[in-house]
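Just so we're clear, the structure is a prediction, and the values are computed from it rather than from any experiment.
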Amino acid sequence: MLQSMRENMKGTVAIVVVVFLGLIMALSLVDFGASGGHYGQNFTDAAEVNGNKITETELQNALQQERQRLQAQLGGNLPPEFLSDDRLRGPVLQELIRNRVILDQAVTSGMTISDKDINAFITQQPEFQINGSFNPDLFRQVVGHGAVAYRNDLKQRLAANQLTGALGGSSFVTQQELERIYGLSRQTRNFSWVSLPIADLPATIIVTNDDIEKEYEANKASYNTQEQVAVEFIELRVSDFTANVSVAIEDVQDRFDQERRQNSNIEREAAHIMIDGDNEQAEANIAIVQEKLADGSVDFAELALQYSDDFASKETGGNLGISDGTVFPPAFETALENLQAGEVSEPVIIDGATHFIKLVEVIGGADSGPSFEESKDRIEAELKTIEAEQIYVERLAELNDLAYNAESLAEVANQLGLSVGETALFTRGGGSDAVLSDGRVVSAAFSDQVLLERFSSEVLELAPDHAVVVKLTKHEPVRTQTLDEKSQDIINKLKIERAKKQLAEQAEELQAALATGKSLDDIAKDNGFVVNSENNITRETRSIDAELVSHVFTLAKPSSEQTPVTSSLYLANNDYVLVSLNNVNNADFSSLSEEEKRGARLSLTQASVSSELRAWQSELVNSADIEIIGANQY
């Protein structure tokens, strides 16, 4: 099934669907090793989709990843409000909801992936390979103890990918659509324009005190500040205690010996010949393989190369790597356990495919694995972390007891041998201090308990190894800024407004002249302006003001070159522009080379697939049973 998926996902659909799946997996951020609360705390659910919950932990993880993506993409100097929970929470939660709805639809539609295909997919992922080959030890190292959860999650997402791939594969464009849309998308336009610059106009405009006072009184309600608070805080991290922990070499040796005993469990290296289907050809191949295995006339690896339908392993003699008893389907593992090294099983049917399973090698025993010297540093670090975690739990309990009624967190920090930090003033949108990057801290700072009752917050367990408690140090409520505070802003505003009015009055006279049939060149000459002209500009032209280009492409096509279409607009810099659209030329699809035509068709098909996927996704969301549980928290 996975092979057919790959074959059906070539070209356009593959590009769109792989990107789509990548977005799903990136934003879902499943923690394969854990779920639910930590240290006895159950995190609040953020939403419920068709009876399935999206936890606050999932949402906060997704928010953090989105912040990291934006910082990597746009640079590290973004204003704090750009990365705040207020701005990001809604879009990120909606994306998680959309992804969950698609997973639900995949399950409802009966989309599934066999264990065989899951295994093949995993073995081909670069993050689990060394020198281009799947490495079971690396796989276990990457996914840790969450191998089962990882496989289940991957199975769901590949099924969702199968569903989106089916939709994408049905998209097409006709030749007529292709030519029309290509002509419009690559259209060129010729136009002229005259700029009436605002330049030094504001400097010549007089604004009186009476003007300022009238503007202030008229708009006083809009001059309110945002409510702000500053807090002191104590952060607990497991890593804070690691440096002060010492581990005896005897404990390291004891742990090493224990691991050796535990790791003596047998692991098995497996190979197989898989024959898919139950048709006559499959039955014939099964009989041939069975016969040749029985008489030993052909090597197992050669039979795998010739007859196995598992493309991922046939080139390597059917080798599937090493299993500790949990990697392969239960029936496969049972057959493997009943073999001696070098033996091949009778046919085993799994998910409609017949397997001849070979036990290549049994691995295990007390002498296997790295030496003590090779393991010492790792074990010492692990033991330090375990002890630091215990200290963390003890400090966490003490912090809960001491912080609530404390007059100051500095006193609490002193009793616990910790440090206390303090933020600058920040709004409900967050602030620049690192501790405010988690929306739960901002929410706690503005809670009634902290803001009104002036107690410390509850201890917020942001992660299994990270907790924070905050207490108010300063509060600036909403207030109306004074006339003195707003005076300069009002002056600047009135000057710009009046300068723009002057430009508009001047432009009206010029537009009236255009309306009488006078050309833009003649008007410019009469008024001492410079006419700018550009030919063959496209929507992607960047050598001219983007706002001007965008406006030009909104204008109707002139009926002839002798009757241009005129228009005007303010640019972002407040300059006023008179525009004359002289000519419009659609691109000629027939003039393209065959390679260019194929590229144009591919590009348009990609756009069509993306559009249809978005529409389908929106329809699923609209028909889903969705409850936003945490909407009132931020």
Side-chain angles (χ1 to χ4, degrees), residues 29-43 55-58 60-61 64-65 68 127-128 135-150 233-265 324 326 366 368-403 412-413 415-421 434-435 437-438 440-441 459-469:
L29 292 166
V30 175
D31 178 0
F32 296 121
S35 61
H38 300 286
Y39 297 108
Q41 178 178 354
N42 291 320
F43 291 118
T55 67
E56 184 68 24
T57 303
E58 287 180 81
Q60 288 299 327
N61 287 341
Q64 186 59 30
Q65 178 135 334
Q68 293 170 354
E127 61 266 33
F128 304 139
N135 185 282
D137 292 332
L138 181 59
F139 172 76
R140 286 192 292 271
Q141 179 181 339
V142 171
V143 303
H145 297 294
V148 174
Y150 173 82
F233 62 90
I234 296 174
E235 281 191 279
L236 276 183
R237 295 181 186 273
V238 170
S239 57
D240 294 338
F241 305 109
T242 306
N244 297 324
V245 172
S246 59
V247 176
I249 191 66
E250 293 81 9
D251 293 334
V252 177
Q253 182 68 57
D254 288 345
R255 177 64 174 265
F256 175 77
D257 294 340
Q258 180 184 4
E259 286 186 357
R260 274 298 181 88
R261 289 191 296 272
Q262 291 175 341
N263 291 338
S264 64
N265 292 334
D324 61 359
T326 63
S368 64
S371 67
F372 176 74
E373 287 301 318
E374 293 170 328
S375 305
K376 182 174 63 175
D377 291 343
R378 173 186 60 80
I379 294 174
E380 184 177 5
E382 290 175 356
L383 291 177
K384 283 186 174 183
T385 298
I386 291 171
E387 190 166 341
E389 287 173 346
Q390 182 58 42
I391 298 172
Y392 172 85
V393 172
E394 294 169 359
R395 291 288 188 277
L396 188 62
E398 293 173 336
L399 184 60
N400 269 304
D401 292 339
L402 296 174
V412 177
Q415 291 182 61
L416 297 178
L418 303 173
S419 60
V420 64
V435 72
S437 63
D438 192 302
R440 287 169 287 182
V441 179
V459 176
L460 308 169
E461 295 181 57
L462 305 181
D465 60 349
H466 183 201
V468 175
V469 62

Of all the heavy-atom pairs spanning [X] and [Y], show the shortest one and how long it is.
X	Y	value
E235	D240	O-OD2, 4.0 Å
R440	E56	CD-CG, 4.2 Å
S437	Q64	OG-OE1, 4.4 Å
A413	S419	CB-C, 4.0 Å
A388	V238	CB-O, 3.7 Å

* To do: Would you confirm whether Y392, through its side chain, and H466, through its main-chain N or O, come within 3.5 Å as a donor-acceptor pair?
  => yes

From [X] [atom1] over to [Y] [atom2], what is the distance, rounded to the nearest 0.5 angstrom?
X	Y	atom1	atom2	value
Q60	D438	CD	CG	4.0 Å
L383	R378	CG	CZ	9.5 Å
N61	T55	CG	OG1	7.5 Å
I386	T242	CD1	OG1	11.5 Å
D254	I249	CG	CD1	10.5 Å

* Please name the residue in the list E373, E380, E374 that meets the salt bridge (charged side-chain N to carboxylate O under 4.0 Å, His left out) test with K376. => E373

Within a strict 4.5 Å, meaning less than it, do heavy atoms of the [X] and [Y] side chains meet?
X	Y	answer
V441	L462	yes
L416	L236	no
I234	R395	no
V252	F372	yes

* Asked: Given R255 and V247, is the side-chain contact (heavy atoms from CB on, under 4.5 Å) satisfied, shown in steps?
  -> CA-CA 11 Å; R255 177 64 174 265; V247 176; over 6 Å; no

